[in-house]
**Student:** 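The structure's right below; bear with me while I get my questions together.
Small disclaimer: the values here were computed from a predicted structure and weren't measured. These numbers come from the heavy atoms of this one structure, side chains and all, not from hydrogens, waters or symmetry mates.
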Amino acid sequence: MTIEGGYTGNVLRVDLTSGELHQEPLGEAFARAYIGGRGFTSRLQYDLIPPKVDPLGPENVLIIAPGALTGTAAPSAARFVVAGRSPLTGILGDANSGGFFGAMLKRAGYSLVLIHGRSPQPVYLRIDDDKVELCDARHLWGQDVHATTAALQQENGRAFRVLTIGQAGENLVHIAAVMSDQEHAAARTGVGALMGSKRLKAIAVRAHGDFPYCDPAAFKDLVAELREIERTDRRAQDVRARGTLGTLMDHHSAIGGMNTRNFQYGQFEGKEKIDHEALAAEYLVRATGCYRCQLKCDRYSRVNEGEFAGIEVGGPEYSTATALGSGLGIDNMAAILKGNDLANRYGLDTIDLGGVIAFAMELYQRGILSKEDADGLDLEWGNYHTMLELIERIAFRDGPFADLLANGVHVAAQEIGRGAERYAVHVKGMTPAPLDARAVKVYNFRYAVSPRGADHLRISAPGGYALDQLPLDEAAEKLRFWQGVVAVPDLMGVCKFAYTYYTETPDIALHRTLDILPALYTAATGFALTGDELLETAVRVVNVERAHNCRLGLTAADDTLPPRFTEDPMPAGPAKGKVYDILEPMKKAWYTVQGWNPETGIPRRERLEELGLGDIAADLEQHGIDIT
């Protein structure tokens with residue numbers, strides 16, 4: 001079923017409590033206002049999930065949305081969003097993923113899947129074009145991601161793409177991911193625990209049709225232009241050759257900002273044992289990519305000998321190699337691959353997983369935790385056997401210590417007490433990506449103000465490291481502009497890497513994002529869209545997300561950074577002596593350029609109405625929030 005212009009427009013509503021399934025067309029006004037993907041999930045979190053709801057209760061809603069171009073022939077048109085109130089942070093929650101599942105879901109005719117309630121027993125959702133049913137999954141409960149995927153493809157056919165949780169999601173681990181195509185993670189904010197709370201083990205989808213283009217000839221010409229740009233872009237060539245492990249680790253180490261031992265240091269003495277060259281020399285099998293991807297930044301690796309011989313895994317990418325490597329003082333690449341494999345099979349976010357283990361190791365270093373506190377585990381830095389054992393225990397909440405860590409670093413720190421909070425590196429409950437905020441200050445202000453917590457994907461900018469050289473008001477305005485630009489791929493369902501991150505110049509990123517993407521959207525759907533309109537939509541979504549968290553009670557005080565960054569000067573390396581000392585002036589500049597109250601950070605009525613969000617302005621006022 002489609003709406004005018006060829007826009008793939010089914011909404012699938014699933015009530016797991018009653019077992020009822022309902023399909024309806026996507027409203028045109030909603031589609032135009034929010035485009036797709038993150039635009040849909042963020043607005044619907046505001047509309048469908050009341051402020052006072054248990055993230056693991058049946059009233060929370062699991063929302064799945066591919067982007068507007070997901071499943072088309074556009075390069076890297078693979079992305080989809082899994083969302084709902086975060087079990088990890090208690091605020092806006094979502095996770096973005098690639099692979100092939102999102103494209104299959106969109107080609108089956110679905111722009112949205114809304115999952116309500118809680119099933120009385122484990123089930124999976126089977127989507128075969130317009131035939132949809134809930135199926136018994138009791139035989140799958142307790143199985144890991146690989147086993148579940150294999151079983152569902154054996155039962156239904158190899159053409160089915162599978163989205164599933166592992167044992168971590170079943171056990172309501174707050175850092176659990178939702179996995180698709182076995183190795184692709186919708187990792188952040190604990191969406192795997194949300195899915196597990198609903199006793200929804202998996203979604204299997206098959207599509208026989210293609211995307212119904214409105215103007216296929218124009219679409220084909222635009223795709224050809226993108227392919228040619230990408231073919232000659234040197235930055236794209238670099239990530240294709242070396243992946244994120246190669247493009248990022250060298251640079252972050254060179255500037256002294258590579259997470260080492262829970263961000264105590266910015267360089268790791270064992271870096272050469274866990275970087276791309278080490279991977280390529282001994283473990284790399286091939287580069288892989290998502291649906292319609294030329295970039296192929298993914299890696300597939302195998303351990304051929306030694307303690308972990310036989311391990312094969314999709315990875316590691318940079319964040320995983322750092323979280324399970326330098327962040328823990330581990331320089332054994334084979335052990336990192338083993339940890340990556342376990343995380344994928346059990347369904348765990350490797351960034352928060354590494355973050356909570358690093359936190360525990362630092363507490364051990366400082367005498368706050370003993371071996372007895374850790375259920376007999378040796379938490380010395382570099383102990384990869386402990387790292388692997390903790391991954392297993394966390395996934396199953398096995399033992400009091402692992403059960404505690406399974407709730408994430410913020411909750412664990414509160415429960416431990418005794419000064420542990422001082423060493424918990426998080427924002428709003430979420431662990432940051434590997435780049436230390438002390439090394440690049442303006443750019444990594446994003447950790448403080450992103451709506452999911454310590455986030456590296458909501459705000460970015462080509463050449464963003466140079467923002468430290470500008471006056472703060474000018475730097476904040478540039479960062480605000482690029483915040484909108486990098487939101488566009490999340491709405492369209494294309495990869496940020498291919499359109500904004502890994503581009504040779506900012507001009508190329510802007511051409512791809514604000515010229516070609518709206519033209520592709522128009523050719524695909526028949527809905528005329530300009531680059532300015534697309535950017536305004538992205539800004540609308542940013543403000544919806546800010547309003548969402550304000551309604552939950554977050555204030556300017558929550559836009560902060562951990563003491564590790566704001567109080568501890570970097571002890572050595574190129575960033576030696578640096579401390580994050582611009583937080584408060586940067587916040588005021590940021591709120592001002594956003595059109596928010598410069599003291600409270602709450603969006604003003606005037607700004608919300610400019611963006612067509614008058615209904616949200618009224619709702620905030622009804623909740624007693626000052627939007628003047």
Side-chain angles (χ1 to χ4, degrees), residues 89 91-92 425-430 432 435-461 463-487 535-536 538-569 578-611 613 616-617 620-621 624-628:
T89 65
I91 58 176
L92 182 132
V425 181
H426 72 90
V427 178
K428 302 179 179 74
M430 195 165 88
L435 180 57
D436 195 299
R438 292 168 291 187
V440 187
K441 297 180 185 180
V442 170
Y443 185 67
N444 281 326
F445 174 69
R446 56 190 177 164
Y447 296 156
V449 291
S450 291
R452 297 192 301 178
D455 199 334
H456 64 296
L457 295 172
R458 282 298 208 270
I459 304 171
S460 186
Y465 299 178
L467 294 176
D468 282 5
Q469 311 306 317
L470 299 176
L472 286 189
D473 56 348
E474 184 179 343
E477 174 54 34
K478 285 184 178 292
L479 203 61
R480 185 207 63 81
F481 171 76
W482 282 100
Q483 176 189 36
V485 175
V486 299
L535 189 57
E536 181 179 340
V539 174
R540 180 180 303 119
V541 172
V542 167
N543 279 265
V544 167
E545 293 170 346
R546 184 72 185 185
H548 176 283
N549 285 342
C550 288
R551 189 174 68 168
L552 294 180
L554 270 66
T555 69
D558 296 292
D559 293 336
T560 189
L561 290 170
R564 173 66 18 98
F565 298 152
T566 60
E567 298 177 13
D568 298 347
K578 286 189 176 182
V579 67
Y580 201 97
D581 53 5
I582 62 167
L583 181 61
E584 291 306 319
M586 189 66 198
K587 282 166 63 173
K588 185 162 288 190
W590 181 252
Y591 299 157
T592 300
V593 299
Q594 292 282 6
W596 302 341
N597 185 303
E599 301 300 326
T600 67
I602 297 172
R604 286 175 156 158
R605 168 179 284 281
E606 179 182 6
R607 184 63 175 136
L608 293 172
E609 290 180 344
E610 284 175 354
L611 294 166
L613 299 174
I616 284 183
L620 290 177
E621 286 188 325
I625 296 171
D626 183 0
I627 58 172
T628 58

**Student:** How long is the span from the CZ atom in Arg438 to the CG atom in Leu561, to the nearest 0.5 Å?
**Tutor:**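 Reported to 0.5 Å precision, the distance equals 11.0 Å.
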**Student:** Can you find a pair of side-chain heavy atoms, one from Gln483 and one from Gln594, that are under 4.5 Å apart?
**Tutor:**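 SC-SC contact between Gln483 and Gln594 confirmed.
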**Student:** How many angstroms lie between CD1 in Ile625 and CZ in Arg605, if you round to the nearest 0.5 Å?
**Tutor:**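 Result: 12.5 Å between the selected atoms.
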**Student:** Is the shortest side-chain heavy-atom distance between Leu92 and Arg452 below 4.5 Å?
**Tutor:**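 A side-chain contact under 4.5 Å exists here.
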**Student:** Decide side-chain contact (heavy atoms from CB on, under 4.5 Å) for Arg551 and Leu620; before the verdict, give the C-alpha distance in whole Å, the side-chain angles of both, and the deciding distance to 0.1 Å.
**Tutor:** CA-CA 6 Å; Arg551 189 174 68 168; Leu620 290 177; 3.9 Å; yes
**Student:** Roughly how far apart are Thr560 OG1 and Lys587 NZ, rounded to 0.5 Å?
**Tutor:**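 Answer rounded to 0.5 Å: 6.0 Å.
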**Student:** Under the ring pair (Phe, Tyr, Trp, His ring centres under 6.0 Å) rule, collect the residues that match up with Phe445, sequence neighbours excluded.
**Tutor:**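 Partners of Phe445 by the ring pair (Phe, Tyr, Trp, His ring centres under 6.0 Å) criterion, ordered by chain and then number, come out as Trp590.
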**Student:** So does His456 get a backbone contact from the side chain of Arg446, meaning a donor-acceptor N/O pair under 3.5 Å?
**Tutor:**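 Yes.
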**Student:** Mark yes or no for whether Asp468, through its side chain, and Lys441, through its backbone, hold a donor-acceptor pair below 3.5 Å.
**Tutor:**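 It does hold such a pair.
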**Student:** Looking at Arg564 and Asp568, what are the two nearest heavy atoms and their distance?
**Tutor:**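 What the structure gives for the nearest pair is NE-OD2, 3.1 Å.
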**Student:** Give the minimum heavy-atom separation between Leu535 and Gly484, together with the two atoms involved.
**Tutor:**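 For Leu535 versus Gly484, the nearest heavy atoms are CD1-C, 3.6 Å.
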**Student:** Decide side-chain contact (heavy atoms from CB on, under 4.5 Å) for Leu467 and Trp482; before the verdict, give the C-alpha distance in whole Å, the side-chain angles of both, and the deciding distance to 0.1 Å.
**Tutor:** CA-CA 12 Å; Leu467 294 176; Trp482 282 100; over 6 Å; no
**Student:** Taking only residues two or more places apart in sequence, or in another chain, which ones meet His426 in a ring pair (Phe, Tyr, Trp, His ring centres under 6.0 Å)?
**Tutor:**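 Once residues adjacent in sequence are excluded, the partners of His426 under the ring pair (Phe, Tyr, Trp, His ring centres under 6.0 Å) criterion are His410.
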**Student:** Is the shortest side-chain heavy-atom distance between Val425 and Pro432 below 4.5 Å?
**Tutor:**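 Touching, per the 4.5 Å side-chain cut-off.
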**Student:** Which heavy atom of Ile91 sits nearest a heavy atom of Leu552, and at what distance?
**Tutor:**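 That closest heavy-atom pairing would be CA-CD1, 3.7 Å.
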**Student:** Would the distance check show the side chain of Arg540 and the main-chain N or O of Leu611 forming a donor-acceptor pair, the cut-off being under 3.5 Å?
**Tutor:**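 Between the backbone of Leu611 and the side chain of Arg540 there is a qualifying donor-acceptor contact (under 3.5 Å).
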**Student:** Considering non-hydrogen atoms only, spot the tightest contact between Ile627 and Glu621 and give its length.
**Tutor:**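 Minimum heavy-atom contact is CD1-CG, 3.6 Å.
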**Student:** Answer yes or no: is there a donor N or O on one side and an acceptor on the other, between the side chain of Asn543 and the main chain of Leu608, under 3.5 Å?
**Tutor:**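 Not at all, since once roles are kept as given, no pair shorter than 3.5 Å links the two residues.
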**Student:** Could you please spell out the steps behind the side-chain contact (heavy atoms from CB on, under 4.5 Å) verdict for Val593 and Asp473?
**Tutor:** CA-CA 8 Å; Val593 299; Asp473 56 348; 5.6 Å; no
**Student:** Which value, rounded to the nearest 0.5 Å, describes the distance between Leu479 atom CG and Met586 atom CE?
**Tutor:**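 Interatomic distance, Leu479 CG to Met586 CE, rounded to 0.5 Å: 5.5 Å.
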**Student:** I'd like to know if the side chain of Tyr591 and the backbone of Thr600 have a donor-acceptor N/O pair within less than 3.5 Å.
**Tutor:**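 No; judged by distance alone, with no hydrogens or angles, the pair does not exist.
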**Student:** Quick check for you: to the nearest 0.5 Å, what is the distance between Thr89 atom OG1 and Lys428 atom NZ?
**Tutor:**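 Atom-to-atom, Thr89:OG1 and Lys428:NZ are 9.5 Å apart.
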**Student:** Does Lys588 pair with Glu584 as a salt bridge, N-O distance under 4.0 Å?
**Tutor:**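 Looking at Glu584 together with Lys588, the answer is no, because their closest N to O distance does not fall below 4.0 Å.
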**Student:** Taking Pro451's backbone N and O only, do any of them form a donor-acceptor pair with Arg458's side chain (distance below 3.5 Å, no angle check)?
**Tutor:**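 Flag not set: sc Arg458 to bb Pro451 has no pair under 3.5 Å.
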**Student:** Look up atom SG in Cys550 and atom CG in Asp626, then write down how far apart they are to the nearest 0.5 Å.
**Tutor:**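 Cys550 SG to Asp626 CG: 11.0 Å, rounded to 0.5 Å.
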**Student:** Please step through side-chain contact (heavy atoms from CB on, under 4.5 Å) for the pair Asp436 and Lys578, ending with a clear verdict.
**Tutor:** CA-CA 11 Å; Asp436 195 299; Lys578 286 189 176 182; over 6 Å; no
**Student:** State which residues pass ring pair (Phe, Tyr, Trp, His ring centres under 6.0 Å) with Phe565; sequence neighbours excluded, sorted by chain then number.
**Tutor:**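 Phe565 satisfies ring pair (Phe, Tyr, Trp, His ring centres under 6.0 Å) with Phe263 only.
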**Student:** Could you report the tightest heavy-atom contact between Tyr447 and Leu435, atom names first, then the distance?
**Tutor:**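 Taking Tyr447 first and Leu435 second, the nearest heavy atoms are OH-O, 2.7 Å.
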**Student:** Does a sphere of radius 6.0 Å around CD in Glu606 hold more than 12 heavy atoms from other residues, nucleotides or ligands, not counting ones at 6.0 Å or beyond?
**Tutor:**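 Not buried by this count: 12 neighbours or fewer within 6.0 Å.
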**Student:** Could you tell me which non-hydrogen atom of Pro585 sits nearest to which non-hydrogen atom of Leu472, and how far apart they are?
**Tutor:**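 Heavy atoms only, the tightest pair is CB-CD1, 3.7 Å.
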